[in-house]
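These notes are about the structure you will find just below.
Each chain gets a letter, A, B and so on, in the order the sequences are listed, and its residues count up from 1.
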Amino acid sequence: MQLYGIEIASRLLLGTAQYPSPAVLNAAIRACGTEIITVSLRREAAAGSGAGFWQGLQESGCRILPNTAGCHSVQEAVTTAHMARELFDTPWIKLEVIGHSDSLQPDVFGLVEAARILCNEGFQVFPYTTEDLVVGEKLLEAGCELLMPWGAPIGSGQGLRNPDGLRAMRAHFPDVPLIVDAGIGRPSDAALAMELGMDAVLLNTAVAKAGDPVSMAAAMAQAIKAGRTGFRAEPMPRRDMAVPSTPVLGLAELT
Amino acid sequence: MITIAGAGVAGLASAYELASRGARVTIYEQGEDPSDNSCSWLAGGMLAPWCEAETAEPEVVRLGVGAKAWWQQFTKVETRGTLVVAPPRDRAELTRFARRTQNHRIVSAAEIAELEPALAGRYGQALFFEEEAHLDPRQAMLDLIKAVQALGVEILYGTPAPDRVDVDCRGMASGLQGLRPVRGEMALIDAPDVEVTRTIRFLHPRIPVYLVPRGQGLYMIGATMIESSSWRPITVRSALELLGAAFALHPGLGEASLVETGAGLRPAFADNIPRLVLQGETTHVNGLYRHGYLAAPALARQLAQQFFQETSDADHRERRTA
């Protein structure tokens, strides 16, 4: 899979918030073999930069995908992206413009506007969006080279609320990398996303808040691999009626 | 003579354990008085090892089990347990908390009303950690200071530590490798109209908060956990979240006065487990994270045993320290 021209082998992107400790987070990163970790940038971190947490993440060897989590306006998201570029020395930015604080639904109008500004400034934007096809087109027009549709509201663990919408996205944008971001709760959700033809899955809470985050990280990685392999193997069509799996013709003639 | 750097809860507990075994102890403290020890001064004062296990490693529970009895030697400890509640729409959080912790029982609405009449009718179910306790950390610190001074420990306030000390308990200021700061913010409110007598943990997926009664209508509300080294005062956002959650816990707290806010940096190792670290000739007691009052007694005991090379055999210990 190529993201902004970079070859990435692992199709699991992992968020770094809410783990019991940085030690558990690092073990989870190793267990799932992710190559990309997202980092939420808070204003304070920049003011007091050099905090041990960031250092630990950079030592993990993963690519850092800073995000604008918690930003509710275009201006806020753009400012945060600038700080992220400075702090992590990367053009990558996971762009979140939150429209509603309870559902954490993306404000797609603000998202497109912020994406346009950031792409013009040379950022490589990973936009957190809905499954809306028109919004997706506008984001690509703005200069994004990939899309990150939600599976369900952030942190809800509901799985894929609209698989048909994601399937339609896959069909509509056959060559654009699609990464399901948010809403994954269990390995089967991640596997389903991959079976639908998504290119990758980004998740955080499902691992961080699991009873055993390290095992869950490994399980997610396995599910994503299985789902991807299954998608490429072209699953059989569903049928309404039973079809025997044993041939009914040509019974052995025992003489 | 044994020298200690830092007169926060870790330094004082260490001094107590060493001095009570007959050592002569001097503590160097950069701050002018006890309130300069931000972590100890701003702490919640919960002695809640089982609740902490929700996110902490089992080692923290092990360290914390004896804390209640240890503090009871010098200061008033409220042994009324912890009540954990969740708003109706976040009931799943309560189930998750129960699954991840031990030594609790589920209590019904009727029992909640009996335990804390102020919360009657507000929650259908709660978790009760009966063996947990809390103390007033500021009073406890002052009482502990008196106790160590009675043992002959000298505390030199406003005095930076010399280059070499035997024991370093200065938290982030120790410069110890592997430590990171975890910023915490808290608020102190005066709510004479709401009477809550034990620690309440209010589970909320965005910001879980706790309310610790300090007596006479005072309550401590805490605390944020932010990976940051910023010392600036509490942010508006954090204050909103903490106070908003308190208001959701009980609307009566909306009428309380906000009497103090604070922000400090907890020292933490990567696994968030407090521990002793031997570096050269100095033993560090550090990484107490959010477990200062809970873990300091056990760490101090470990330290003293190390100094006096005690074994767990009581007779042997008596011979060595005699």
Side-chain angles (χ1 to χ4, degrees), chain A residues 15-30 37 39-60 66 69-72 76 83 87 98 101-104 153-158 185 204-206 208-214 216, chain B residues 52-60 89-90 92-93 95-101 172 175-183 185 203-208 224-238 240-241 244 263 265-274 287 289-291:
Chain A
T16 56
Q18 296 188 306
Y19 289 79
S21 70
V24 173
L25 165 60
N26 275 314
I29 289 173
R30 282 195 299 276
I37 52 177
V39 178
S40 134
L41 192 84
R42 304 189 71 124
R43 272 153 208 284
E44 311 191 40
S49 64
F53 182 70
W54 312 84
Q55 244 165 8
L57 290 181
Q58 277 171 322
E59 282 162 13
S60 72
C71 290
H72 285 255
E76 221 181 333
M83 282 170 26
L87 194 59
I98 300 299
S101 62
D102 209 35
S103 68
L104 298 180
I154 295 173
S156 68
Q158 291 176 2
N204 184 347
T205 314
K209 290 287 187 184
D212 178 350
V214 180
M216 188 57 83
Chain B
E52 288 300 309
E54 189 234 341
T55 52
E57 301 284 341
E59 170 70 4
V60 171
R89 71 171 195 175
D90 295 319
E93 296 290 321
T95 311
R96 180 178 183 277
F97 198 95
R99 216 171 48 220
R100 297 188 54 80
T101 54
M172 288 311 301
L176 184 63
Q177 273 281 317
L179 275 184
R180 72 183 204 286
V182 181
R183 178 176 154 91
E185 298 154 303
L203 304 181
H204 182 288
R206 197 166 62 234
I207 176 139
T224 55
M225 289 199 288
I226 303 170
E227 300 283 348
S228 164
S229 52
S230 168
W231 273 105
R232 67 175 170 139
I234 188 170
T235 62
V236 169
R237 177 68 191 261
S238 294
L240 275 172
E241 295 279 7
L265 300 182
R266 310 176 182 93
F269 292 111
D271 54 11
N272 294 342
I273 300 176
Y289 185 47
R290 44 183 279 168
H291 311 303

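- For the set R89(B), R99(B), M225(B), the count of heavy-atom pairs under 4.5 angstrom toward chain A peaks at R89(B).
- Ranked by heavy-atom pairs under 4.5 Å with chain A, the first of G178(B), A56(B), A270(B) is A270(B).
- Applying the side-chain hydrogen bond (donor to acceptor under 3.5 Å, both in side chains) test to T224(B) and every residue at least two apart in sequence or in another chain returns E185(B).
- Taken to the nearest 0.5 Å, the CD atom of E93(B) stands 7.0 Å off from the NZ atom of K209(A).
- Looking at heavy atoms from C-beta onward, P20(A) lies out of side-chain contact with D271(B) at the 4.5 angstrom threshold.
- For P22(A) against E227(B), the heavy-atom pair with the smallest separation is CG-OE2, 4.4 Å.
- Rounded to the nearest 0.5 angstrom, R180(B) CZ and S21(A) OG are separated by 7.0 Å.
- Scored by the side-chain contact (heavy atoms from CB on, under 4.5 Å) test, T95(B) finds no partners at all (sequence neighbours excluded).
- Heavy-atom distances place the backbone of A210(A), and not its side chain, under 4.5 Å from chain B.
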